[in-house]
There are 2 protein chains.
Amino acid sequence: MTSERHTVGTQLSFALYGAANRMARLHKPFLEPLGLTFPQYLAILELLDGAPLSVGTLGARLDMDTGTITPLVKRLEGAGFVTRTRDPADERRVLVDLTPRGRALEAEVRGITDKIKSACQLTDQGMDDLRRTLEALAHPASE
Amino acid sequence: MTSERHTVGTQLSFALYGAANRMARLHKPFLEPLGLTFPQYLAILELLDGAPLSVGTLGARLDMDTGTITPLVKRLEGAGFVTRTRDPADERRVLVDLTPRGRALEAEVRGITDKIKSACQLTDQGMDDLRRTLEALAHPASE
DNA sequence: TTCGCTTATCTAGCGTACTAGATTTTAGAA
DNA sequence: TTCTAAAATCTAGTACGCTAGATAAGCGAA
């Protein structure tokens, strides 16, 4: 009945835009009780995997620009999850480290993955295939 | 060498977040000369497929909330691409229609799809499969 | 008709994302 | 050493994306 529609709905970029937004919304009910937003949750995950990290390194890992990561880290500091310290070896750098309060999030934060996985009803294999496809997508050939 | 990293990089949600951001960045050089942002480009595409639409209908098609779509449409109006008119049949509604200046974007806007397609180096088949996978993803079962 | 409920849109406020420009530290050259 | 350029971070401004609350028009029932 909507046979004449052939524009936005057929665009890969629109599907991607929608799926990413839906995924963030799916996380919200689990993250809100912890006092985290979705991008903040990604930052905490990255820090759990090896803090301290410089602001620049953290941003690069998450593919976030300096104008995004700086205020995000400051909010995490304000919430008491991380500390920000000038690197004594290079005073240009700011090292971000987890506080005990930040580390205490680990169990709950890691548990969220499983809850999302079941909500998506994807097999481990399907999820992994999709992840790999997305990682390759829209990446300039040089990288 | 980074064999111990196993957190953010392995998350489907992170891959999705990154791919959507990269896709929007990929569009930017084509959209900037037209004076459009990526979400505005999606709105124009939807309107080209059948204007006028009410603010609510347009938002629903794009899966954008009222707090997002209202200011977006007002900016499109300010740029002279659309008009906003109260629906005489129901004064609660605001109908969004393309101006001649808005319709004049059609050729260039539709051409962007092909440019993105070649930048992504995906076959039509691969693109379509991915699109279908994403459309199903993170959609509650009821829909 | 009028009360009250629903629907459609708008507004305000917070947290991303992005760009561009400013600041501070480091490092190299004259 | 001092001048200069590069690197790391910060700040300001615009545009989403979300929530919550406000406004206004339609609509059914007493």
Side-chain angles (χ1 to χ4, degrees), chain A residues 13-14 16-29 31-32 34-44 52-60 62-79 81 84-96, chain B residues 13-14 16-29 31-32 34-44 52-60 62-79 81 84-96:
Chain A
S13 58
F14 177 57
L16 210 43
Y17 162 86
N21 285 339
R22 289 195 302 277
M23 187 59 88
R25 285 197 288 258
L26 207 57
H27 280 74
K28 188 159 292 193
L31 293 174
E32 209 148 62
L34 305 182
L36 293 174
T37 64
F38 180 70
Q40 287 169 5
Y41 154 78
L42 296 178
I44 294 290
L53 293 174
S54 73
V55 169
T57 303
L58 181 57
L62 300 173
D63 196 11
M64 286 176 192
D65 177 300
T66 163
T68 301
I69 195 67
T70 292
L72 186 154
V73 169
K74 288 191 154 190
R75 274 174 220 118
L76 286 177
E77 183 189 33
F81 295 131
R84 298 187 324 122
T85 323
R86 284 280 160 194
D87 184 348
D90 185 342
E91 293 276 340
R92 288 173 302 182
R93 287 205 190 93
V94 171
L95 295 177
V96 185
Chain B
S13 57
F14 177 56
L16 210 43
Y17 161 87
N21 285 339
R22 289 196 301 276
M23 186 60 88
R25 286 198 288 259
L26 206 58
H27 280 74
K28 187 158 295 190
L31 293 174
E32 208 148 63
L34 305 182
L36 293 174
T37 64
F38 180 69
Q40 287 169 7
Y41 154 78
L42 296 177
I44 294 289
L53 292 174
S54 73
V55 169
T57 303
L58 180 57
L62 300 173
D63 196 13
M64 286 177 192
D65 163 317
T66 163
T68 300
I69 195 69
T70 292
L72 187 154
V73 169
K74 287 192 154 187
R75 274 175 224 118
L76 286 177
E77 183 188 34
F81 295 131
R84 300 188 321 121
T85 324
R86 285 279 160 192
D87 184 347
D90 183 344
E91 293 275 339
R92 290 172 301 181
R93 287 207 189 91
V94 171
L95 294 178
V96 184

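Note on naming: letters A, B, ... go to the chains in the order of the sequence lines (proteins, then strands), and numbering restarts at 1 for each one.
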Revision key, fill the gap. With sequence neighbours left out, the residues meeting side chain to side chain donor-acceptor pair (under 3.5 Å) with Thr57(B) are Ser54(B)

Practice item. Would you please name every residue forming a side chain to side chain donor-acceptor pair (under 3.5 Å) with Glu77(A), sequence neighbours left out? Key: Arg84(A)

Exercise for review: Return the set of residues passing side chain to side chain donor-acceptor pair (under 3.5 Å) with Asp87(A) (not counting sequence neighbours), or none when no residue passes.
Suggested key: none

Exercise for review: Calculate the interatomic distance between Leu31(B) atom CG and dC18(C) atom P; express it in whole Å.
Suggested key: 14 Å

Exercise for review: Rounded off to whole Å, could you give me the CG-to-P distance for the Leu16(A) and dA17(C) pair?
Suggested key: 14 Å

Exercise for review: Treat primed atoms plus P, OP1 and OP2 as sugar-phosphate and everything else as base, then score nucleotides 13-18 of chain D 5' to 3': B for base contact with protein heavy atoms under 4.0 Å, S for sugar-phosphate contact only, - for none.
Suggested key: --SSBB

**Study point:** Leu62(A) CG - dA17(C) C1' separation (whole Å)
**Key:** 13 Å

Practice item. State whether Lys74(B) places a side-chain N or O below 4.0 Å from either non-bridging phosphate oxygen (OP1 or OP2) of dT11(C). Key: yes

Check your understanding: Rounded to whole angstroms, how far apart are CD on Glu32(A) and C1' on dC14(C)?
Key -> 12 Å

Practice item. Applying salt bridge (charged side-chain N to carboxylate O under 4.0 Å, His left out), name anything that partners Asp65(B), two or more places apart in sequence or on another chain. Key: none

Exercise for review: Working to the nearest 0.5 Å, report the span between CZ of Arg75(B) and OG1 of Thr70(B).
Suggested key: 10.5 Å

**Study point:** Close side-chain approach of Val55(A) and Thr66(A), heavy atoms under 4.5 Å
**Key:** no

Study note, to complete from the structure: Atom CD of Glu77(A) and atom P of dG15(C) are separated, to the nearest Å, by 15 Å

Review point. Should Thr70(B) be listed as having a side-chain N or O under 4.0 Å from OP1 or OP2 of dT9(C)?
Key: no

**Study point:** Between P of dT9(D) and CD1 of Ile69(A), the distance in whole Å
**Key:** 10 Å

**Study point:** Trace of the side-chain contact (heavy atoms from CB on, under 4.5 Å) decision for Leu36(A) with Phe81(A)
**Key:** CA-CA 10 Å; Leu36(A) 293 174; Phe81(A) 295 131; 3.8 Å; yes

Practice item. Anything under 30° is parallel, anything over 60° is perpendicular, the rest tilted; go ahead and classify Tyr17(B) against Phe38(A). Key: perpendicular

Check your understanding: Tell me, do Asp63(B) and Asn21(A) make a side-chain contact under 4.5 Å, heavy atoms counted?
Key -> no

Heteroatom pairs (N/O) under 3.5 angstrom, protein to nucleotides 24-29 of chain C:
unit_1  : atom_1 : unit_2   : atom_2 : d
dT26(C) : OP1    : Glu91(A) : N      : 3.0

Practice item. Return the nearest nucleotide to the side chain of Arg93(B); candidates are dA8(C), dT11(D), dC10(C). Key: dA8(C)

